[in-house]
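Worksheet for the structure shown next.
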Amino acid sequence: MKQQIQQLISQALVQIASDGLIPKDAIPEPIIERARDSQHGDFASNIAMVLAKVARSKPRDLAEKLVMALPESAVVSKVEIAGPGFINFYLSSDAYHALIPRIITDGHGFGRSDIGAGKRVQVEFVSANPTGPLHVGHGRGAAYGAVVADLLQAVGFEVHREYYVNDAGRQMDILGTSVWLRYLELCDEEIKFPANGYKGDYIWDIAATLHRENGEQYQHAADEVFQGVPADEPDGGDKEIHIDALIERAKRLLGDNRYRFVFELGLNTILEDIRDDLELFGIRYDEWYSERSITESGAVNKALERLRASGHIYEKEGALWFRSTDFGDEKDRVVERDNGQTTYFASDIAYHMDKLERGFDRVIDVWGADHHGYVPRVKAALQALGADPSRLDVLLVQFANLYRAGEKVQMSTRSGSFVTLRELRKEVGADAARFFYVMRKCEQHLDFDLDLAKSQSSDNPVYYVQYAHARVCSVLRQAAEKQISVEISAGDSNLERLTEEHEFQILKTLSRYPEVVEVAALNEEPHQMSHYLRELANDFHTYYNAHQFLVDDAGVRDARIKLILAVRQTLKNGLNLLGVSAPESM
RNA sequence: GCCCCCGUAGCUCAGCUGGAUAGAGCAUCCGCCUCCUAAGCGGAAGGUCACACGUUCGAAUCGUGUCGGGGGCGCCA
């Protein structure tokens, strides 16, 4: 609809340009927007005000000329000039009525478009280290990333969803070692568990599996394990040095094969748990991309070599540094530690280089806001490698705070007292969680009210929207019981029987849906969709209360049923994009 | 020390990238079921858009500064 109006203005602009009122090369893209106030019609354009200067005439005069030049159209019923020079367009009833068969015919496709023109976009999200279960912070990134990906796909991008698995590096060694130490405890060894180890219960579970299936095969005496290892922090030592020494000891005592086995058991168990968790959250990936694979393929070394060759690497204090300050970063960054290990950042450089080399037109990273300091250095690296850093978009998701009974739920990763995504899902359900997570802009701190998410009332936006969908279904069931036929094809002519204000209000909201999808997708703003759905549900509930649908007048009845079918379809499409179910009854 | 986010109704937030009289939902009052799910609807009341400059026809929106709140970073990932 918006496009149709835009076209009309474009034609008028060409007309007045050929009349010499404005220079031909000054014809802009017509800007129109939804009128905020229905007093001002459906769409408004400020084009006359924008062009007033170049046309050297008063905005209102120019507006008048433009209106005269507008071609006839069945879509528009009235055009007015108002205020300082706005041109207001009123849509015809026919234009609104015509929306209904279109929505019903398009079905699942209503609201989809091809603005993306098949451009390839990669969306990487969650990518939490497989060192433990996902928590509620990851949950927000998961919900957000998934919806952004779905939205982009809905507007015609070819989307590739990816999870970057940090299956290499020190954190994973700490995980493997933690599992092994817990296992030794199960073998009745006297172990002083390291301050920097992973202490969650899930480590015990993995250790128990190891013990159950392999007996004492991995056992070594505690003395052997700790002999000569520098003291841990509680004993006056350094916890980092302590854990690193324990890792080395584990590797030596177990040998390559056995160490690898324990390591992989930990990794795979947790990764499987994460996959399963996300799956139950309605989130699927096209690819799980292994960090280890880029290390092993030599891509990391290749990337570093390229940086070195172009003179962006130097050595200092035994470590290799990338001179990211040349590209606007605030300080240079280590890519290889003095012990020869490449850093996480080095992998990241290689990974992002690989992303661009895979030919994506756009690469989107969804990160926790705590990684924001990371953005400049990754972009710096891409630039240093000769790539265009603007192809990478990093979306930072702020943390979510949980509230229960008005109190903030205290969480801290260190003490292990974080709430897992799985717990959240079990408490409020996947639908409510998905919906609540995307109600706010990503860069906004999110207050997640657990009680509200669980409540079955109109206060709860997800129930409110779902209920509207269920209500339509319920009406249709009633219709079926009364043997009322709801043949979609039967007589579009009845649509003119829709004359109530409530009906036009709904049609107006329905007509906005494709615009909402587009804006939400292009701006990566899922919250626009959740807000929209609430509005549409509200329009429907209001209509429901004001009018009976299954009336005796078959024409009116038929038209109303079609209207609410269109509402149902649109609610369903919108909920679907948010990853929320559209139940047929509540 | 540096960086990021946020200050809009009592509370939680929108405000479509500069437009017309700043909007929702809670909460508060007042109403609505012999009727398709009251898991719903209507109405009232409620704001110096933190503050100050600046940019221009026009600012909640853009820029600078001040104040206030939240979070992060300082060879860990």
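Throughout, protein chains are lettered first and strands after them, A, B, ... in sequence-line order, and every chain is numbered starting at 1.
For the C1' atom pair drawn from B:U55 and B:G18, the interatomic distance equals 11 Å after rounding to whole Å. The gap from the C1' atom of B:C29 to that of B:C67 amounts to 36 Å, rounded to the nearest Å. As rounded to the nearest Å, B:A60 and B:U48 have P atoms that lie 14 Å from one another. B:C3 and B:A14 are spaced 28 Å apart, taking the C1' atom of each and rounding to whole Å. For B:G23 and B:A9, the P atoms lie 14 Å apart once the distance is rounded to whole Å. Separating the P atom of B:U21 from that of B:A59 is a span of 11 Å, rounded to the nearest Å. Nucleotides B:U34 and B:A45, compared at atom P, are 29 Å apart to the nearest Å. Look at the P atom in both B:G47 and B:C33: the space between them is 32 Å, to the nearest Å.
Base contact: A:H547 has a heavy atom under 4.0 Å from a base atom. Counting non-hydrogen atoms under 4.0 angstrom, A:R534 reaches the backbone sugars and phosphates but no base. Contacts of A:N538 with the nucleic acid, taken as non-hydrogen atoms under 4.0 Å apart, involve only primed sugar atoms and P, OP1 or OP2. In this structure, A:F436 reaches neither bases nor backbone, as no heavy-atom distance under 4.0 Å exists between it and the strands shown. A:S474 comes within 4.0 angstrom of a nucleotide base, judged by non-hydrogen atoms across all strands. Using a 4.0 Å heavy-atom criterion, one finds that A:E330 contacts the sugar-phosphate atoms exclusively. Within 4.0 Å of A:T343, counting heavy atoms only, lies no atom of the nucleic acid at all. Among the heavy atoms of the strands lying under 4.0 Å from A:Y464 are primed sugar atoms or P, OP1, OP2 only; no base atom is included. In this structure, A:K482 reaches neither bases nor backbone, as no heavy-atom distance under 4.0 Å exists between it and the strands shown.
Take the nearest nucleotide of RNA chain B for A:T542 and for A:N129: the residue whose nucleotide is more 5' is A:T542. Comparing A:A168 and A:D370 by the nucleotide of RNA chain B that holds the closest heavy atom to each, the one mapping nearer the 5' end is A:D370.
For A:S293 (side chain) and A:Y289 (main-chain N/O), no donor-acceptor pair under 3.5 Å exists by modelled atom type. Looking only at distances, a side-chain donor or acceptor of A:S324 sits under 3.5 Å from a matching main-chain atom of A:K331. Checking side-chain atoms of A:D338 against main-chain N and O of A:A319 turns up no donor-acceptor pair under 3.5 Å.
A stem is defined here as three or more consecutive Watson-Crick or G-U pairs, each with both distances under 3.5 Å; for RNA chain B these stems are B:1-7 with B:67-73, B:10-13 with B:23-26, B:28-32 with B:40-44, B:50-54 with B:62-66.
Checked against side chain to side chain donor-acceptor pair (under 3.5 Å), A:R337 has no partners two or more places apart in sequence or in another chain. For A:A468, the side-chain contact (heavy atoms from CB on, under 4.5 Å) partners at least two apart in sequence or on another chain are A:A537, A:F540, A:H541, A:L571. Applying the side-chain contact (heavy atoms from CB on, under 4.5 Å) criterion to A:E443, with sequence neighbours excluded, gives A:K441. In this structure, the side chain to side chain donor-acceptor pair (under 3.5 Å) partners of A:T325, at least two apart in sequence or on a different chain, are A:D332. Considering only residues two or more places apart in sequence or on other chains, A:T342 meets the side-chain contact (heavy atoms from CB on, under 4.5 Å) condition with A:V300, A:L304, A:E336, A:A346. Annotation: side chain to side chain donor-acceptor pair (under 3.5 Å) contacts of A:E240 (sequence neighbours excluded): A:R170, A:N196. Residues that satisfy the side chain to side chain donor-acceptor pair (under 3.5 Å) test with A:H371, not counting sequence neighbours, are absent from this structure.
Atom OH in A:Y532 sits roughly 16 Å away from atom C1' in B:A24 (whole-Å rounding). A straight line from CD1 of A:I174 to P of B:C76 spans 11 Å, rounded to a whole angstrom. A:M529 has its CE atom 21 Å from the P atom of B:A24, to the nearest Å. B:A77 atom C1' lies 14 Å from atom CD1 of A:I243, rounded to whole Å. To the nearest angstrom, P of B:A39 lies 10 Å from OH of A:Y544. Look at CG on A:N401: it is 13 Å from C1' on B:C5, rounded to the nearest Å. If you take CZ of A:R333 and C1' of B:C76, they are 13 Å apart, rounded to a whole angstrom. The distance from atom CG of A:D173 to atom C1' of B:A77 is 13 Å, rounded to the nearest whole Å.
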Give each protein N/O atom lying under 3.5 Å from an N/O atom of nucleotides 28-35 of chain B, with the pair distance.
| residue | atom | partner | partner atom | Å |
| --- | --- | --- | --- | --- |
| B:C35 | O2' | A:Q548 | OE1 | 3.3 |

Show me, pair by pair, the donor-acceptor contacts under 3.5 angstrom made by side chains of residues 518-527 of chain A, not counting sequence neighbours?
| residue | atom | partner | partner atom | Å |
| --- | --- | --- | --- | --- |
| A:E524 | OE2 | A:R362 | NH2 | 2.5 |
| A:E525 | OE1 | A:Q528 | NE2 | 2.7 |

Show which side-chain atoms of residues 563-570 of chain A pair as donor or acceptor with protein atoms under 3.5 Å away, not counting sequence neighbours.
| residue | atom | partner | partner atom | Å |
| --- | --- | --- | --- | --- |
| A:Q569 | NE2 | A:G107 | O | 3.4 |
| A:Q569 | NE2 | A:N573 | OD1 | 2.9 |
| A:T570 | OG1 | A:A566 | O | 2.9 |

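The glycosidic torsion of B:C73 lies more than 90° away from 0, which places this base in the anti conformation. Applying the 90° criterion around 0 to the glycosidic angle, B:U17 comes out syn.
Out of B:A77, B:A38, B:C4, the shortest distance to the side chain of A:R471 is found at B:A38.
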## Note on the structure
Quick tally for nucleotides 9-22 of chain B: nucleotides whose base has a protein heavy atom under 4.0 Å get B, sugar-phosphate-only ones S, the rest -, giving ---SSSSB--BB--
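A:R434 contributes atom CZ, which lies 11.5 Å from atom CG of A:L575 (distance to the nearest 0.5 angstrom).
Atom CG of A:D552 has 12 or fewer heavy atoms from other residues, nucleotides or ligands within 6.0 Å.
Counting distance only, with no hydrogens placed and no angle test, the side-chain atoms of A:Q171 and the base atoms of B:C76 include no donor-acceptor pair under 3.5 Å.
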